[in-house]
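FYI, the numbering just counts along the sequence from 1. Only this structure's heavy atoms are used, side chains among them; waters, hydrogens and symmetry mates stay out.
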Amino acid sequence: MRQHMLNGWLAAALLALACLLGATAYAEVKQAPPRIACLHGNIGGGGPATTCAICGPTHCGGKAPGA
């Protein structure tokens with residue numbers, strides 16, 4: 001009986017771990033496309049202001065967008 005309860009708790013812990021890992025992976029992948037585009041310089045459909053808005057001022061040489 002004790003072994004059966006232990007197996008249940010172990011299965012629940014593994015399921016919780018898998019859910020947390022999946023949620024973390026989803027959050028990282030959701031942020032990845034803009035960050036990857038900035039790293040590779042592959043921003044399509046916009047000029048410097050759009051690039052700065054997506055990648056931040058460091059991509060524009062430290063200047064604010066439109067400056």
* Looking at CG of Leu10 and CG of Leu6, how far apart are the two atoms once the value is rounded to the nearest 0.5 Å? -> 6.5 Å

* What residue pairs, at least two apart or across chains, pass side chain to side chain donor-acceptor pair (under 3.5 Å) with a residue in residues 10-24? -> none

* Asked: If you measure from CG on Leu20 to CG on Leu15, what distance do you get to the nearest 0.5 Å?
  -> 10.0 Å

* side chain to side chain donor-acceptor pair (under 3.5 Å) pairs, two or more places apart, involving residues 3-15 -> Gln3-Asn7

